[in-house]
Amino acid sequence: MSNERYNARDSEPRWQRKWDDQQIFSTRNDDTRPKYYVLEMFPYPSGRIHMGHVRNYTMGDVVARYKRAKGFNVLHPMGWDAFGMPAENAAMANKVHPKSWTYENIATMRTQLKSMGLSLDWSREIATCDPSYYKHQQRMFLDFLKAGLVERKQSKVNWDPVDQTVLANEQVIDGRGWRSGALVEQRELTQWFFKISDYSEDLLASLDRLDRWPDKVRTMQRNWIGRSEGLLIRFALDAANAPAATSEIKIFTTRPDTLFGAKFLALSPDHPLSKELAKSNPAVAAFLEECSHTGTAREAIETTEKKGIDTGLRVLHPFDPDWKLPVYVANFVLMDYGTGAIFGCPAHDQRDLDFVNVYGLGNTPVVCPEGQDPKTFVITDTAYDGDGRLINSRFLDGMTIAEATEEVAKRLEAATLGNAPVGERQVNFRLRDWGISRQRYWGCPIPIIHCETCGVVPVPVKDLPVELPEDIEFDRPGNPLDRHASWKHVNCPQCGGKARRETDTMDTFVDSSWYFARFTDPWNEDAPTTRNVVDRMLPVDQYIGGIEHAILHLLYSRFFTRAMKATGHIDLDEPFDGLFTQGMVVHETYKSASGAFVSPAEINISHEGEQRTAILLSTGEPVTIGPIEKMSKSKRNTVDPDDIIATYGADTARWFMLSDSPPDRDVIWSEESVQGASRLVQRVWRLVSAAAPLLPPSGTAIDNGNPAAKALRTATHQALADVSQSIERLRFNTAIAKIYSFVGTLHEVVDDPKKPLANDAALAAAAREAFDVMVQLIAPMTPHLAEECWAALGHQTLVSEAAWPKLEESLLVSDTVTLPVQINGKKRADITVSRSAQNSEIEAAVLALDAVKSALGGKPHKKVIVVPQRIVNVVA
RNA sequence: GCGGACGUGGCGGAACUGGUAGACGCAAGGGACUUAAAAUCCCUCGAUGGCAACGUCGUACGGGUUCGAUUCCCGUCGUCCGCACCA
C-alpha cells in the first residue's frame, strides 16, 4: 500500500478554492427543482469561533450536502447576529468603536468558517448591524405599529443595573440578567412592546402541528405560554365601608368548585385598589412599602413568608349575601396575572393555607377524597389538591370537581351584579407582551420621533433607515445615544417643530426574529422580503441550533412570522418546519497543585494500565484531572478550532464532531478520539490510493453471478441504505459507525493476500462501484478528503456536485434467511431457510435440529412461534 | 412544588414499530513488521464457573404483562434539564 499520508493542509484550501471558483454552493432563486432550506442559528461575532460552532455548522453542512446530492435546490446561507452588548463593553474597555470591533470579528470568523469547508452560499451573507438590514426592520416596526401590533406603555420592567438596560421576562433567569448575571430590579418606565400576547392562543395551538420539533422544546414553549381556563368572578363590596369609587373586586380562579371553602379575598400590593386604600390607610401604605423591597429572585420568593394586611373591606359571597369575606392585601398575589386579586380557599391551596395559618382565618374542606369519611376529613398543614367529591358546599355536595366547576360557572354566568353577569368564563395566559426597548447604542434604532405638539410620530418610510451616529462616546454608563450632542434633535415630520428622536434601540432578539426570511432575497433594497421568493423558499426545512434558544429566539421568531404575515411581508405562520437542538461540546478540566485551572494544551497525559495521570508540561508537576464540563474560558478547558484544523485538518474535526455521541447529547472532546478520527481519514486515503490502480472505469458492468462480486455489492448497497437513512434521521453517529464498518469491508477486499482484485474482473468491477459509493458516503462529512479520493479514483467532476448513488434494493434481498432459534426465549441455534419457506416447514426443520432436541431432552414442546424473517422460539 | 428527559461493558455509545443485548469508536492487553520508535496490520476484551465443549448471571433496583422485555405497565432510587407564589 501507499505510504504517502493524506495532507489536509495542502488538500483542504485547494478544494475550497475550487468550490469557490466554480460557485457551486450559490443558490438561484429561479431554480425550479424542489427547494430545501437548511439553516444553523447564525453566530454572534464575539471574536473567534468555538467548538460549539464547529459542531453546529458541521451538522448543518452534512444535511445541506446530502440534500444537494439528492437533487434539491438547497439554500444554506450564513450571517451575523451583530448587534449587542459585548461590542459596547469592548468599546468601553478598549476604546474601539463597536462597529469596527464587530466587523473585525466578522472578518476573522468568516475566515475561520471558510476553513471548515462549509457548503455555504456566501453571496447571501448579512450582518444585522448593517443599515441595509436594519432599515427593513425599522420598516416592519412601522408596519406593525400601524397594524396595532406595537404598543407604548408605562410598565413595571426588569431593569439590569449592570448593563443599565431593560430586559424582557424571557431574559431574566432566576431573577438575574441573562447576560450580566446582575440581580434584576423593578422599575416603572415607558417602553415599546410587541403584542405577542395577541397570538397566545395560536402560538400554543400551532405547537401541536410542529411534529418535526423536539418534544422538549414544544413542552417548554407550552409551559411558557401557560394557558389556563377559569372563571372571572365579580365580588360585590359590602357597601358599609366600601371606598366611594369602587363597588366590586374581580378575581380569576381555575377552581370555582371550591367557592364554598373561601375564607378571604386578597389583592396584589400593585392592585389599583391597594394603592387607593394606601392613600387613606397608613398601615396599608406601610405594607405596600414593605412589599416593594422584596426581591424577585427565586431564593427571595421561596423564603418570603406569606404576609398580608386586613384592609377592613368586606365582600359578599356570590351565593350568599349574608356571608361576608375579609379583603386583604397579600404579598404573594401577582398583579400581572389574572386580575391581580384572588379568593383564598385554604383547604385546597397550599399558599392560601399558609396564609390563613398565620392570620387564624381557619379552613373548611370542600373536596373530600373518594373513600374518605367527610366527617373525619380535616386539613391542618397540607392543602388537599387531589380529586374527590364536594362536601360542605350546599347545592354542590356530592358532585365531582368537574361537575361542581361547571355548575358554579353556569349559575354565576346567569346571576347579575349591577347590569353585568357575576361570572364569566375566561382563558388566561402566562405569556406577557414582549418589551423591546433597550437603552443601548449598538442596536437597531426605533424609528419614532417625539414631538411636543404632535406626540408620538412615526419616522416616514422615505426617511429610513434611521442610522446610528458613528461619533459616539462610551466614557460613562447609560445610553450614549441619549447623550449625543445632535443626533436626537430633529424636526417633527408632521408639524416641522422641534422634536426629539426615540433614543432607545430594539432588543437584539428582534434582529434574529426574521433573518431567515431576509436570506431568501438579501438583495432587495426596497422591502424586507420579495414575496414570490420568500413564500417559495420558506419555511426553513431544517433548523439547527442550541437548546438555550428553546423559548426566547424560537418563540419570538414564531411571533414575528405571524406579524409579518399580518402586515403582508410573508405568507406563512411557522418559520421552522424541522428543528434540531444539538448538544454541547464538553471537555475534562485540569487543575494544578495550586488549584488554578490549566488548559489541555499545557499538560501531558500518560497511561499506566487503565490509570491516567497528567503533568504540567512546563514544570512536570502533577495535575489533577477534574470533571467533564462545558467548554468555557473560565475553566480553561477550551480547544481552539484553528489549532485542530491546523494540526489535523477540517475533515478530522468534522468527522469527530459527528462520530462519538448522538447529536442531541453532549459530546466529550478528547485528544484520543480526535486521533481516532484522524486515523479514519488516513485509512480511507490509503485504501483509495491502493485500490485506484486496480479498478476498471466507473459504470463497468458487474457480473452478479460471481459470488464475491455479489457479496461486495450487497455490502455496498446495505451501507448506502443505512447511511442514507441515518442522515435523513440526523443520526450522524450511527451513519459514521456504518461507514467505519463499510471501510473495514473494503479494507478486507483490497488487503486480501490472494489479491483477487487484480485477477477477478467481476470483483474489480464491484469494487469500483463500492469505492465510488464509499467516497460519496463520506463526502457530506469529510468533503475535502472525498474530493481528493474522487479525483484519485479518476473522476473529472466534483463529488460535491455528484448525484447521490442510486440504491439497488434487489441486492439487499437474499434467497435464504438465517433465523435465530430460541428455546424459552434463549438463543440456542441458528437455522438457514429459504426466504419463501412456510412456517410449518420452518417449524419442522427447527424441531429436527440437534441443539433443539438435546435442549428439549426428549420431552414434548408446548408450541413453536415463528416470526417470519425474524426469529423462531420453541416453548418447552 | 410542577413539567420533561434519561439510567446498557473501563469510557462514548448501538439495538427499526417487543424478537440473536453490547454494533462502531476510544482506552487496555497480547502478537507481527522494524536495529528502534512512530505509523500500519492481526488477535483478545460484560461478569462468573470450566482444561474444554459449554453453562449460569447480566441493560439502575423491585414487581407485572408476554412464547419472548434494554424496549410496554406499576412502584422505588438516582442523574440531568426547564418552569416556578400563575390562583
Side-chain angles (χ1 to χ4, degrees), chain A residues 1 3 5 173-174 214-224 226-228 230 251-255 258 266 268 298 300-302 304 306 330-334 336-345 348-352 354-355 385 428-431 547-548 550-551 607-612 628 656 659-662 664-668 670-677 679-680 682-683 686 722 725 729 731 733-744 747 751 818-830 861-865 867 869-876:
Chain A
M1 274 205 225
N3 292 322
R5 286 177 64 80
I173 317 285
D174 294 347
D215 286 341
K216 182 187 171 79
V217 174
R218 292 197 287 172
T219 304
M220 282 166 71
Q221 291 212 355
R222 265 185 209 113
N223 292 341
W224 189 264
R227 182 182 197 274
S228 57
I251 64 97
F252 175 74
T253 179
T254 55
R255 292 292 303 272
T258 63
S268 164
R298 186 201 311 189
I301 287 168
E302 271 179 358
T304 305
K306 302 284 176 282
N331 63 352
F332 65 95
V333 182
L334 305 173
D336 50 4
Y337 185 78
T339 62
I342 60 158
F343 87 80
C345 175
H348 305 290
D349 183 296
Q350 191 61 46
R351 291 158 304 175
D352 298 344
D354 293 344
F355 187 76
D385 61 2
N428 258 314
F429 293 93
R430 218 185 69 110
L431 183 66
I547 186 74
E548 67 273 18
I551 295 173
H607 295 269
E608 255 179 62
E610 291 186 358
Q611 280 292 313
R612 296 166 71 239
I628 296 168
F656 171 78
S659 58
D660 266 11
S661 295
D664 53 346
R665 279 197 226 168
D666 292 350
V667 64
I668 303 168
S670 79
E671 193 63 22
E672 290 92 347
S673 296
V674 176
Q675 280 168 9
R679 269 201 288 276
L680 183 278
Q682 294 299 338
R683 187 179 165 98
R686 269 198 315 278
D722 290 346
Q725 199 193 41
R729 291 201 209 154
R731 304 278 300 262
N733 56 324
T734 58
I736 295 268
K738 296 289 195 275
I739 292 174
Y740 267 115
S741 294
F742 185 45
V743 168
H747 184 263
D751 224 23
T818 300
L819 303 174
V821 176
Q822 295 182 330
I823 307 216
N824 291 333
K826 282 193 188 299
K827 190 201 167 195
R828 298 294 175 186
D830 284 312
H861 65 279
K862 287 208 183 98
K863 63 173 163 173
V864 178
I865 289 149
V867 184
Q869 320 294 328
R870 279 225 174 265
I871 203 165
V872 182
N873 192 18
V874 180
V875 185

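For B:G12, the glycosidic angle deviates from 0 by more than 90°, giving an anti base.
Shown here for A:Asp830 and A:Thr818, the closest heavy-atom pair between the two residues is CB-CG2, 4.0 Å.
Pairing for B:C26 goes to B:G10, judged as Watson-Crick or G-U wobble with the two contacts each under 3.5 Å. When both pairing distances are held under 3.5 Å, B:G82 makes a Watson-Crick or G-U pair with B:C2. Pairing for B:U20 is absent, with no Watson-Crick or G-U wobble pair whose two atom distances lie under 3.5 Å. Pairing for B:A32 goes to B:U40, judged as Watson-Crick or G-U wobble with the two contacts each under 3.5 Å. With a cut-off of 3.5 Å on both Watson-Crick or G-U wobble distances, the partner of B:G58 is given as none. When both distances must be under 3.5 Å, the Watson-Crick or G-U wobble mate of B:C72 is B:G64. Pairing of B:A53, defined by two Watson-Crick or G-U wobble distances under 3.5 Å, is not identified with any nucleotide.
The distance between atom CZ of A:Phe656 and atom C1' of B:G12, rounded to the nearest whole Å, is 9 Å. What separates CZ of A:Arg222 from C1' of B:A84 is a distance of 19 Å, to the nearest Å. Distance CZ (A:Arg351) to C1' (B:C2): 12 Å, rounded to an integer number of Å. Spacing between atom CD of A:Gln682 and atom C1' of B:G25 amounts to 17 Å, rounded to whole angstrom units. At whole-Å resolution of the value, CZ in A:Arg731 and P in B:A23 are 16 Å apart. Put simply, NZ on A:Lys738 is 17 Å from P on B:G13, counting in whole angstrom units. Regarding A:Ile551, its CD1 atom lies at a distance of 10 Å from the P atom of B:G82, rounded to whole Å. Going from atom CZ of A:Arg430 over to atom C1' of B:G3 covers 12 Å, rounded to whole Å.
Residues A:Asn223 and A:Arg729 each lie close to RNA chain B; by heavy-atom proximity, the contact nearer the 5' end of the strand is made by A:Asn223. If A:Ile871 and A:Ser661 are placed on RNA chain B by their nearest nucleotide, the residue sitting closer to the 5' end is A:Ser661.
Considering only the side chain of A:Trp224, B:A84 comes nearest among B:A87, B:A84, B:G12. Here the nucleotide nearest the side chain of A:His747, chosen from B:U20, B:C41, B:A87, is B:C41. For A:Tyr740, whose side chain is taken as the heavy atoms from C-beta onward, the closest listed nucleotide among B:A23, B:G25, B:U40 is B:G25. Nearest nucleotide to the side chain of A:Val867, out of B:U20, B:C42, B:G19: B:G19.
Phosphate contact (OP1/OP2 of B:U40, side-chain N/O of A:Arg683, threshold under 4.0 Å): absent. Proximity of A:Arg218 to the phosphate of B:G82: no side-chain N or O atom is located under 4.0 Å from OP1 or OP2. When the side-chain nitrogen and oxygen atoms of A:Thr734 are compared with OP1 and OP2 of B:A23, none of them lie within a distance under 4.0 Å. OP1 and OP2 of B:C86 both lie 4.0 Å or more from every side-chain N or O belonging to A:Arg227. For A:Arg679 and B:A27, the shortest distance from a side-chain N or O to OP1 or OP2 is below 4.0 Å.
Judged by atom type and distance alone, A:Asn873 reaches the base of B:C67 through a side-chain donor-acceptor pair under 3.5 Å. Judged by distance alone, with hydrogens and angles left aside, A:Arg870 brings a side-chain donor or acceptor within reach of the base of B:C16, the pair sitting under 3.5 Å. One N or O donor and one acceptor, one from the side chain of A:Lys306 and one from the base of B:C85, sit under 3.5 Å apart.
B:C45 and B:G25: their P atoms are spaced 15 Å apart (whole Å). Comparing the same atom, C1', in B:G62 and in B:C80 gives a spacing of 24 Å after rounding to whole Å. Taking the P atom of each, B:A60 and B:U66 are spaced 23 Å apart, rounded to whole Å. Using P as the reference atom, B:A15 and B:G22 are 13 Å apart when rounded to the nearest Å. Nucleotides B:C6 and B:U20, compared at atom C1', are 26 Å apart to the nearest Å. Rounded to the nearest Å, the gap between the C1' atom of B:C16 and that of B:A87 is 47 Å. Comparing B:G13 with B:C26, their C1' atoms sit 11 Å apart, to the nearest whole Å. With P as the reference atom, B:A23 and B:G12 are 15 Å apart, rounded to whole Å.
Under the 3.5 Å distance criterion, the side-chain polar atoms of A:Ser268 are matched with a main-chain donor or acceptor of A:Val333. Panel note: side chain A:Asn428, backbone A:Ser228; no donor-acceptor pair is recorded below 3.5 Å.
Nucleic acid contact for A:Val667: none, since no nucleic acid atom lies under 4.0 Å from a heavy atom of the residue.
A salt bridge links A:Asp215 with A:Arg218: the distance from a Lys NZ or Arg NE/NH1/NH2 to an Asp or Glu carboxylate oxygen falls below 4.0 Å.
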Worksheet item: Under the side-chain contact (heavy atoms from CB on, under 4.5 Å) criterion, do A:Phe355 and A:Asn331 qualify, and how do the steps go?
Response: CA-CA 10 Å; A:Phe355 187 76; A:Asn331 63 352; 5.7 Å; no
Worksheet item: Can A:Arg731 and A:Asn733 be said to form a side-chain contact (heavy atoms from CB on, under 4.5 Å), step by step?
Response: CA-CA 6 Å; A:Arg731 304 278 300 262; A:Asn733 56 324; 4.3 Å; yes
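In this structure, NZ in A:Lys862 is found 7.5 Å from CG in A:Asn824, a value given to the nearest 0.5 Å.
At least one side-chain heavy atom of A:Ile342 sits under 4.5 Å from a side-chain heavy atom of A:Phe332.
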